[in-house]
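I have placed the structure first, in the form of structure tokens, so that the comments after it can refer back to it.
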2 protein chains.
Amino acid sequence: MPVTDLLKRGRARAEPAASERAPSAASHALEPLTRTLPEQIAARLAERILNGAYSPGERVREESIATEFAVSRGPAREALRLLEKDGLITILARRGAMVTNLSADEVREIFEIRAVLNGLRDRSVAECEARKQLLPLLEAEVARLAQCARVPALGEQYVETVLQINRLLNRATPNRRLSSYLASLEQQTARYSRLGLSTPERRRQSVQRWQRLVKAIRAGDGAQAERIARERVLESRDAAIALLAAKVATQPGARQPSRIATT
Amino acid sequence: MPVTDLLKRGRARAEPAASERAPSAASHALEPLTRTLPEQIAARLAERILNGAYSPGERVREESIATEFAVSRGPAREALRLLEKDGLITILARRGAMVTNLSADEVREIFEIRAVLNGLRDRSVAECEARKQLLPLLEAEVARLAQCARVPALGEQYVETVLQINRLLNRATPNRRLSSYLASLEQQTARYSRLGLSTPERRRQSVQRWQRLVKAIRAGDGAQAERIARERVLESRDAAIALLAAKVATQPGARQPSRIATT
DNA sequence: TCTTGTTGGATTGTCAACAATCGTCTTGAC
DNA sequence: GTCAAGACGATTGTTGACAATCCAACAAGA
């Protein structure tokens with residue numbers, strides 16, 4: 001346990017409070033500025049899980065993360081509960097928590113849910129009034145995407161742009177609940193979804209699809225936007241399960257709950 | 001605080017364990033038989049919320065449910081967290097928990113998500129192989145539904161049959177994750193969704209839709225099944241928001257977080 | 001009268017210790 | 001050599017007390 005993280009700002013505050021609650025940009029209503037301890041811990045852990053610092057199936061004990069973050073087991077426990085809500089952690093009663101390890105079937109299930117939900121999202125964006133403000137940004141990002149697609153070396157930037165477009169669309173939906181659901185689902189499959197756009201051919205095809213989506217949104221054609229979104233997600237589903245199948249073939253030791261890999 | 005519920009079976013067990021873990025019917029794998037205290041408490045509370053014993057917006061203090069169920073605040077707190085995951089309880093950091101109070105917009109959002117998810121569910125049922133076993137049950141229930149629709153007095157039984165059909169379909173999906181998502185969403189809108197089938201005319205139309213759905217499933221026509229499912233949920237959405245609008249008109253005091261309604 | 005700072009009560013957040021449970025290891029018999 | 005039963009160690013579940021925070025009522029000033 002090398003890194004003893006100190007994140008307890010917000011407690012033990014006796015300082016004159018120099019830069020407290022920056023009054024600048026309009027923050028969202030009702031969102032607490034001072035995040036609670038479990039939330040902060042959960043955020044850190046989520047980062048690590050998505051980074052790959054924790055591998056799937058790995059066990060996570062309450063005590064160990066409690067000592068690492070210098071808190072009691074209570075907040076550590078709640079942090080795990082929080083991550084369970086997002087699907088990043090799986091908790092078995094009286095048997096502890098571990099990093100969620102999805103089977104190929106489960107990954108496919110999530111992608112299929114994402115497909116219809118992304119369809120709904122893009123349809124709602126295409127049919128809402130506020131899309132006028134969104135379109136310029138969206139077009140700019142798609143143009144950047146087209147540029148990246150032409151240069152094979154810009155793979156990282158390409159992926160980043162796709163993520164950015166998705167963020168844009170997530171924020172644009174009038175259906176707030178949908179965007180949070182989608183964020184959670186995307187996080188769950190993040191580990192598996194990045195590698196669908198490997199070949200230049202695939203990318204060209206994908207760019208074309210994004211362009212068609214933008215066109216549908218501009219025209220207010222919700223049904224068309226929905227169709228395109230679904231197509232796209234279903235294709236990344238196929239890529240993901242292909243990837244997973246390959247991975248399973250190489251390292252078939254998909255370890256289950258037992259007493260291994262505790263770090 | 002009249003009813004001091006005793007649900008602490010499973011602890012303090014020194015008895016010879018007469019009927020422990022009934023070894024009969026094949027239970028689901030990996031589902032713990034001995035549910036934890038928070039889960040039991042959450043189940044009881046969920047019941048009350050859905051019954052209407054707790055009204056929306058009502059505050060729920062940890063201490064009070066702790067004393068009521070004769071446990072410490074820890075399990076009470078976790079029970080609330082569990083209910084928050086299902087959307088039945090809203091928790092604000094350091095400001096406590098309350099029964100979720102959905103605005104008309106939020107209800108609509110949930111129904112729209114349910115629409116596409118139900119579409120996916122019924123499509124997947126129509127396209128899966130196991131639907132052969134399902135069809136007889138489904139047809140029987142729909143027949144019962146048709147009978148109930150003819151007799152206005154059987155309103156309660158009609159609603160119950162619709163719920164039963166939904167349960168059947170939820171269980172039939174090969175996508176396990178989808179069924180749990182749907183269960184959660186249905187629970188969240190349960191309070192608002194029952195009253196869409198008030199008039200005999202509506203019921204007749206609804207029965208017809210269910211019959212068309214069964215036909216589509218039998219034929220393996222996934223696209224058609226999806227269309228029908230969406231139509232259905234979107235219609236109940238309209239009924240629900242109409243109901244909500246009427247309710248808001250009569251009692252406009254939609255109370256928010258503050259210090260009211262503590263029991 | 002309206003605004004602004006202060007104080008008090010109530011409620012949630014956190015902690016450390018105890019109790020219950022689970023998995024594993026050892027022991028013994030067949 | 002294999003399998004079953006029991007004990008041990010490790011980990012989670014629960015508890016009661018303490019600390020931090022928030023809300024509301026009250027008081028003082030413009």
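What you see below is based on every heavy atom in this structure, not just the backbone, and it leaves out hydrogens, waters and symmetry mates. Numbered from 1 within each chain, the chains take letters A, B, ... in sequence-line order.
As rounded to whole Å, 9 Å separates atom P of D:dT12 from atom CG of A:Leu80. The distance from atom CZ of B:Arg61 to atom C1' of D:dC22 is 15 Å, rounded to the nearest whole Å. The interatomic distance linking A:Glu39 (CD) with C:dT14 (P) rounds to 10 Å, in whole Å. B:Glu62 places its CD atom 15 Å from the C1' atom of D:dA17, with the value rounded to the nearest Å. Distance B:Glu78 CD to D:dG13 C1': 9 Å, rounded to the nearest Å. Summarising the geometry, the separation between CD on B:Glu63 and P on C:dG9 is reported as 18 Å, rounded to the nearest angstrom. Between A:Leu92 atom CG and C:dC22 atom P there is a gap of 12 Å when expressed in whole angstrom units. As a whole-Å value, the separation of A:Arg81 CZ from C:dT14 P is 16 Å.
A donor-acceptor contact under 3.5 angstrom links the side-chain atoms of B:Arg73 to the base of C:dG13. For C:dG23, its base never sits under 3.5 Å from the side chain of A:Arg94 at any donor and acceptor pair.
Remark: side-chain polar atoms of B:Thr100 are paired, donor with acceptor, to backbone N or O of B:Gly87 under 3.5 angstrom.
The phosphate of C:dC22 has neither OP1 nor OP2 within less than 4.0 Å of any side-chain N or O from A:Arg95. When the side-chain nitrogen and oxygen atoms of A:Thr36 are compared with OP1 and OP2 of C:dT14, one or more of them lie within a distance under 4.0 Å.
Here C:dC15 is the nucleotide among D:dT14, C:dG13, C:dC15 with the atom lying nearest to any side-chain atom of A:Val71. The side chain of A:Arg59 approaches D:dT11 more closely than any other nucleotide in the set D:dT11, C:dT14, D:dG13.
For the residue pair B:Asn170 / B:Arg121, a side-chain donor-acceptor distance below 3.5 Å is found, with atom types taken as modelled. A side-chain N or O of A:Glu58 and one of A:Ser55 form a donor-acceptor pair less than 3.5 Å apart. Side-chain atoms of B:Arg171 and B:Ser179 include no donor-acceptor pair closer than 3.5 Å.
Using a 4.0 Å heavy-atom distance criterion, B:Gly96 is classed as a sugar-phosphate-only contact.
Residues B:Arg237 and B:Glu112 are paired through a salt bridge, judged by an N-O separation under 4.0 Å between the basic side chain and the carboxylate.
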